[in-house]
Each structure stands twice: as structure tokens, then as C-alpha cells.
Amino acid sequence: MAALLVPLLAVSAIGFLCSALVHIVALTGVVPPGGNAVFALHVGVFVIWFPVVFLAIRISQGQRGFMSWGPLLSGCPAWFRGFLLVLFAYAFLNFFSAFNGEAGHKQQSDALAPATLRGSSGHWMLFYAAGFGVLLTAYRRPWMLRGATCPRGHRGLRDAKFCPTCGAALPDTPSRTRPLV
Ligand SMILES: [Zn+2]
């Protein structure tokens, strides 16, 4: 699994950096060179998110309630989680200001216009960074991909103290300890 995670981490890091570059260039009102090659970043998001969704389901299994970002990002440093939160807020503000502005209306028909690229690249940055976070958690906390099992082999809830099938006490898993910093 780790052999697959490393290249995926690299692709999401490179995707993020390229998206950030496109974003900065588009903010200055310029279309980056390379024409439609920029949309490879759009395709890259899906390449990364296919395994990310698979890992997110594995990490979230055996937990009560809905999938939440807490466990999915528990392998990331605290500053990275803060950075994602800021990026999340920024991507939405950016998207609306890029497409609601006068320039946005004029250019909306053109996919390669700076305003359109500005709107899309903000989301590309967010998706690459969030994907990187989930991949990093899977890489640094591989035990989170396995569900907790009781001494008799029943599958239990990872955050439960007792097996829901036979009532045996579940061993303490490292996932119950505080997040890695
Ligand atoms: Zn059991």
C-alpha cells in the first residue's frame, strides 16, 4: 500500500504546486502559456480522488456516524489542517468573486479566460491539498485502514471499547491516542 501511496502523494503535491502557479498567474489577469494543457490539472484531481475516496471509506469504517474530516486528516500536522481550513474558505470566496465579477460574466464563455482559470484553479488547489491530507494519513497511520477486531476475530467499531458481537474488551488501538503532530 505504501508503495502506491508515495507516488500518489507526489502527484498531489505537484498538482497543488502547479494549480497554485496557474492561480497566481490568473490572478494577475494573464492566461498561463501551454493553452489547454492547463486542464490536465482538472483531470489530475480525479486521478487523485479515486484512490482518496477509497482510502477515506476504509479509514472511516467502523466509526459511528458520518464520515468526518477529523480521522481522515489525523495523520497530518496541525498546521496542515489549519492550512486546509483557510484554503477551503478561500476557494469558495475566490470561486464566487471570479464568476460573479463583471469580468467573469464577459469571459464565462471562454474556458481559458483568466477569470475562469482563477475560479477553477482555486478549487484544484483545495482538492489536491485535501487529497494529499487523506493520503498522508493513510501513509503515516496505516492501522487506520484496518478495522478493529476483538480477540475472537469479530470486527468491531474502532472507537468502541467492547466488541459489539461478543462483548469482549477491544484492544487499545493507536488511533484512539492523540493525533500525530
Ligand atoms: Zn467479539
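Note that the coordinates shown come from a computational prediction; the quantities given were computed from them, not determined experimentally. Order of appearance sets the numbers: ligands from 1, and atoms from 1 within every ligand. Note that the numbering runs from 1 along the sequence shown for the chain.
In this structure, F50 has its ring center at least 6.0 angstrom away from the ring center of F54. Side-chain rings of Y90 and H123 stay apart, their centers remaining 6.0 Å or farther from each other.
Note on ring orientation: taking the six-membered ring where Trp is involved, the planes of F80 and F132 are tilted (angle from 30° to 60°).
The side-chain heavy atoms of W69 and V134, taken from C-beta on, include a pair separated by under 4.5 Å.
S19 places no side-chain N or O within 3.5 Å of a backbone atom of S121 that could act as its donor or acceptor partner.
Side-chain polar atoms of R118 and S97 form a donor-acceptor pair below 3.5 angstrom.
Protein N/O/S atoms found under 2.8 Å from the Zn ion (ligand 1), listed by chain and residue number: C150 SG, H154 ND1, C163 SG, C166 SG.
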